2 protein chains.
Amino acid sequence: MSKNNSVTNLLRSELAKATGCNLETIRYYEQIGIMPDPPRTARGFRVYGEEHVRRLRFVMRMRELGFSLNEVRGLLTLVDGGTQTCAEVHERTLAHLSDVRARITDLKRIESVLEETAAKCSGEDVPECPVLDALSA
Amino acid sequence: MSKNNSVTNLLRSELAKATGCNLETIRYYEQIGIMPDPPRTARGFRVYGEEHVRRLRFVMRMRELGFSLNEVRGLLTLVDGGTQTCAEVHERTLAHLSDVRARITDLKRIESVLEETAAKCSGEDVPECPVLDALSA
DNA sequence: CTTGCCCCTGTACTAACTACAGATCGTAGA
DNA sequence: TCTACGATCTGTAGTTAGTACAGGGGCAAG
């Protein structure tokens, strides 16, 4: 019954340093169940192992890619469950991809409106601003 | 002393319908000072005029263009103040434009990562998922 | 022995709304 | 006249993804 599933024993601040994740964010992830409650030392300090590092890195990567915490939660249950994982993951990746593409399209529209707007303006110190008028219309 | 500065007298629900803005959002904008407290009827109902419609439309347009409520607040003080407006507006528009462009660049990076990731996956029902492995790494 | 540091906990704050509970008021129908 | 309905009003809480701060405990060095 010897527990040798974790090699490194990290405190919370060390996990934060190791992953680049904010200290408080780790606690937050534990509160909402994205990260498991880690074991504690006799003094009550959280102790993390390799598996926590891996899981947190995964979460951070997914967040970077724009997945919401709920989506990340979903992906994690796939990881944890391990059943027909690949097809599901593929599907969710594609769904998220189309989401990202929609946001890009949206931002491009905004970009061109802002470009037009800026072009209309001479940049001089005129009290009457054609840009504001254009935008209000 | 006759007040004829507003032609239309709209209730809140009518302002909402006229602008497409959510009813509750209007109250919220009043709470945070984006919209002014409107005059009331004897029964305490809010009454809006043309100037409210115009202002709310402006706010909505700016929000659509991705300005934060704080930025909108700033633009509104320029509108209200009316001093050296144009140069300032030009500047803020450009600042926001570069912001939008940065977000586009970011999303494009995410897009290509997701594309690569999805391409790696066959979409078959394999329990071991190369995508998840790739994403964790 | 006291100062400082690191850890702990709980709570409040952010943005930009949305939603719901409970009060009131005027009018329309029975 | 009584009651029900619809519209408005107010205040408060929930959402997402964290960040920040207040207050308490224990260990170690000076």
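In what follows, every chain begins at residue 1, and chains take the letters A, B, ... in the order their sequences are listed. Scope of the values below: all heavy atoms of this structure, side chains included, with no hydrogens, waters or symmetry mates. Everything numeric in this text was worked out from a predicted model, so none of it was measured.
Each end of the helix from C/dC1-D/dG30 to C/dA30-D/dT1 yields a helix axis from five base pairs, and these two axes differ in direction by 40° (to the nearest 10 degrees).
Atom CG in A/Asn70 sits roughly 11 Å away from atom C1' in D/dT15 (whole-Å rounding). In this structure, CZ of B/Arg12 is placed 13 Å from C1' of C/dT18, rounded to the nearest angstrom. The nearest whole Å value for the distance from the CG atom in B/Asn22 to the P atom in D/dT15 is 18 Å. Rounded to whole Å, atom P of C/dT9 lies 11 Å from atom CD of A/Glu24. Taking atom CD of A/Glu64 as the reference point, atom P of D/dA17 lies 15 Å away to the nearest angstrom. Summarising the geometry, the separation between CZ on A/Phe67 and P on D/dT16 is reported as 17 Å, rounded to the nearest angstrom. For B/Met62 and C/dC17, the CE to C1' distance is 19 Å, given to the nearest whole Å. Rounded to a whole Å, the CZ atom of A/Arg63 is 10 Å from the P atom of D/dT19.
We find the OG1-CD distance between A/Thr93 and B/Glu116 to be 12.5 Å, quoted to the nearest 0.5 Å. Atoms NE2 and CG, from A/His90 and A/Leu94 in turn, are 4.5 Å apart once rounded to the nearest 0.5 Å. One distance of note links CG of B/Leu23 with CD of B/Glu14; it measures 11.0 Å at 0.5 Å rounding. Here OG1 of A/Thr41 is found 10.0 Å from CG of A/Asn9. Values are rounded to the nearest 0.5 Å.
Checking side-chain atoms of A/His52 against main-chain N and O of A/Gly49 turns up a donor-acceptor pair under 3.5 Å. In this structure, B/His96 contributes its side chain and B/Leu65 its backbone to a donor-acceptor pair below 3.5 Å. No donor-acceptor pair under 3.5 Å is formed between the side chain of A/Arg57 and the backbone N or O of A/Thr19.
No side-chain heavy atom of A/Leu76 sits less than 4.5 Å from a side-chain heavy atom of A/Arg73.
Heavy-atom distances to DNA chain C give each of B/Ser68 and A/Leu23 a nearest nucleotide, and the one nearer the 5′ end belongs to A/Leu23.
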Listing, residues 101-114 of chain A side-chain donor-acceptor contacts under 3.5 Å, not counting sequence neighbours, or none:
residue  : atom : partner  : partner atom : Å
A/Arg101 : NE   : B/Glu111 : OE2          : 2.9
A/Arg101 : NH2  : B/Glu115 : OE2          : 2.5
A/Thr105 : OG1  : A/Arg101 : O            : 2.9
A/Glu111 : OE2  : B/Arg101 : NE           : 2.9
A/Ser112 : OG   : A/Arg109 : O            : 2.9

Using a 3.5 Å cut-off and no angle test, enumerate the donor-acceptor pairs between side-chain atoms of residues 27-38 of chain B and protein atoms at least two apart in sequence or in another chain.
residue : atom : partner : partner atom : Å
B/Glu30 : OE1  : B/Arg46 : NE           : 2.9
B/Glu30 : OE2  : B/Tyr48 : OH           : 2.5

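Non-hydrogen atoms lying under 4.0 Å from DNA chain D are contributed by nothing in residues 96-107 of chain B. The stretch residues 26-40 of chain B touches DNA chain C through B/Arg27, B/Tyr28, B/Tyr29, each having a heavy atom under 4.0 angstrom from the strand.
No path of Ile, Leu, Val, Met, Phe, Trp and Tyr side chains, each step under 4.5 Å between heavy atoms, connects B/Leu15 with B/Val47, placing them in separate hydrophobic clusters. B/Val59 and B/Val53 fall within a single hydrophobic cluster, where Ile, Leu, Val, Met, Phe, Trp and Tyr side chains are chained together by heavy-atom contacts under 4.5 Å. In the hydrophobic clustering of ILVMFWY residues, with side-chain heavy atoms under 4.5 Å counting as a link, B/Leu10 and B/Phe45 come out apart. Note: the hydrophobic cluster containing A/Leu56 also contains A/Leu69 (ILVMFWY, side chain heavy atoms under 4.5 Å, direct or indirect links).
Side-chain nitrogen and oxygen atoms of A/Thr25 include at least one within less than 4.0 Å of the OP1 or OP2 phosphate oxygen of D/dT19. Listed pair B/Arg46 / D/dT10 meets the phosphate criterion, a side-chain N or O lying under 4.0 Å from OP1 or OP2.
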Listed pairs, N/O of protein and of nucleotides 2-6 of chain C, under 3.5 Å:
none

